[in-house]
Amino acid sequence: MKTLKAIIFDVDGTLVENERYAHRVAFNETFAEYKLDWHWDEEFYGELLAVTGGKERIRFYVDKYHPNESYSDAFIAELHKKKTARYNQMLVTNPIPLRPGVRSLIAEARQEGITLAIATTTSLRNVTVLLEQSLTPESVDWFDVIAAGDMVSAKKPAPDIYHYALKELGLKAEECIAIEDSYNGVRSATLANITTVITVNDYTRLDDFTGAALVVENLDEVDVALLRRLCVPSP
Ligand code: XBP
Ligand code: MG
């Protein structure tokens, strides 16, 4: 039965591989700008990805690794604002290619009349610039709902961002498929009862994907017919 009405995409790690060479670099450049003796190398950043959200990640880092220093939430928010500006600039000067299969899956879904949406931990501005630069300038309008960042207070792995996206879409969980790349992503989507497909990347390959309906390397292994088969109504 064709019950699939919407595909809800995660962004970071799912549409693009942007954590290692974009988000991480923007964090480090910002720390250097503020003369902070902090540097997140590639391996260490993989551990920090357990905490979603840039502000939350910085807070976790300072509390754990600099426990005798005191940083206000306002200072962390300021750092994160600078980091976001740097990251946005990177997206424009050096657009990040979409992961294999992303462009064709989005095109096929649009052709089939399937609604597109986004549920992400990163900010709305980061999503719109990324879509404009990496997909096409008008592609922001292809997504009926972009659920992002601080629109909810509890970030992934909490289900809140998916609950918010479903509410905005006016759809039931069983009418949607989520596409994610990480443990935090699959937890968030499945806690909202959404069938979830995982596309792994180098940071997430060894994550626990319990609850995922399908785990693939890249989305070029996935088409709309396959998603329709996975999207079966619960009895
Ligand atoms: C992505 C994140 C984000 C990015 C950084 O998680 O955790 O925090 O690393 O973005 P997901 P911001 O893909 O599960 O949504 O600095 O804008 O938060
Ligand atoms: Mg992700």
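Note that ligands are numbered from 1 as they come in the structure, with each ligand's atoms numbered from 1 the same way. Values in this document were obtained by computation on a predicted structure and should not be read as measured data. The first residue in the sequence is number 1, and the count goes up from there.
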**Student:** Among all protein heavy atoms, pick the one closest to atom 13 (O) of ligand 1 and tell me residue, atom and distance.
**Tutor:**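 Here the nearest protein heavy atom works out to Asp10 OD1, 2.9 Å.
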**Student:** Considering heavy atoms of the protein only, find what lies nearest to atom 7 (O) of ligand 1 and give residue, atom and distance to 0.1 Å.
**Tutor:**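 In this structure, atom 7 (O) of ligand 1 has Arg57 NH2, 2.7 Å as its nearest protein heavy atom.
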**Student:** If you check every N/O/S atom of Asp10, which is the one nearest the Mg ion (ligand 2)?
**Tutor:**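 Of the nitrogen, oxygen and sulfur atoms in Asp10, the Mg ion (ligand 2) lies nearest to OD2.
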**Student:** Give the residue, atom name and distance (to 0.1 Å) of the protein heavy atom nearest atom 18 (O) of ligand 1.
**Tutor:**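 Ranked first by proximity to atom 18 (O) of ligand 1 is Gly54 N, 2.6 Å.
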**Student:** Are a donor atom and an acceptor atom from the side chains of Glu180 and Tyr162 found within less than 3.5 Å of each other?
**Tutor:**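 Side chains of Glu180 and Tyr162: pair found under 3.5 Å.
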**Student:** Less than 3.5 Å between some nitrogen or oxygen of Thr52 and one of ligand 1, yes or no?
**Tutor:**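 For ligand 1, there is no N or O atom that lies under 3.5 Å from one belonging to Thr52.
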**Student:** Tell me: protein heavy atom nearest atom 8 (O) of ligand 1, and distance?
**Tutor:**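 Answer for atom 8 (O) of ligand 1: Gly53 N, 2.9 Å.
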**Student:** To check your reading of the model: name the closest protein heavy atom to atom 1 (C) of ligand 1, its residue, and the distance in Å.
**Tutor:**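 Checking every protein heavy atom, the shortest distance to atom 1 (C) of ligand 1 gives Asp12 OD2, 3.3 Å.
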**Student:** Do His66 and Tyr61 have ring centroids that are under 6.0 Å from one another?
**Tutor:**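 They qualify: ring centres under 6.0 Å apart.
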**Student:** Quick test of your reading of the structure: of Thr122, Leu49, Thr84, Thr14, whose heavy atom lies closest to atom 10 (O) of ligand 1?
**Tutor:**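 Of the listed residues, Thr122 has the closest heavy atom.
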**Student:** Tell me which N, O or S atom from Asp12 is the closest to the Mg ion (ligand 2).
**Tutor:**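 Sorting the N, O and S atoms of Asp12 by distance to the Mg ion (ligand 2) puts O first.
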**Student:** Taking N or O atoms only and a 3.5 Å limit, does Lys156 qualify as a polar contact for ligand 1?
**Tutor:**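 N/O-N/O distance below 3.5 Å exists for this pair.
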**Student:** Looking at Asp181, which of its N, O or S atoms is the nearest one to the Mg ion (ligand 2)?
**Tutor:**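 Minimum-distance N/O/S atom of Asp181 relative to the Mg ion (ligand 2) is OD1.
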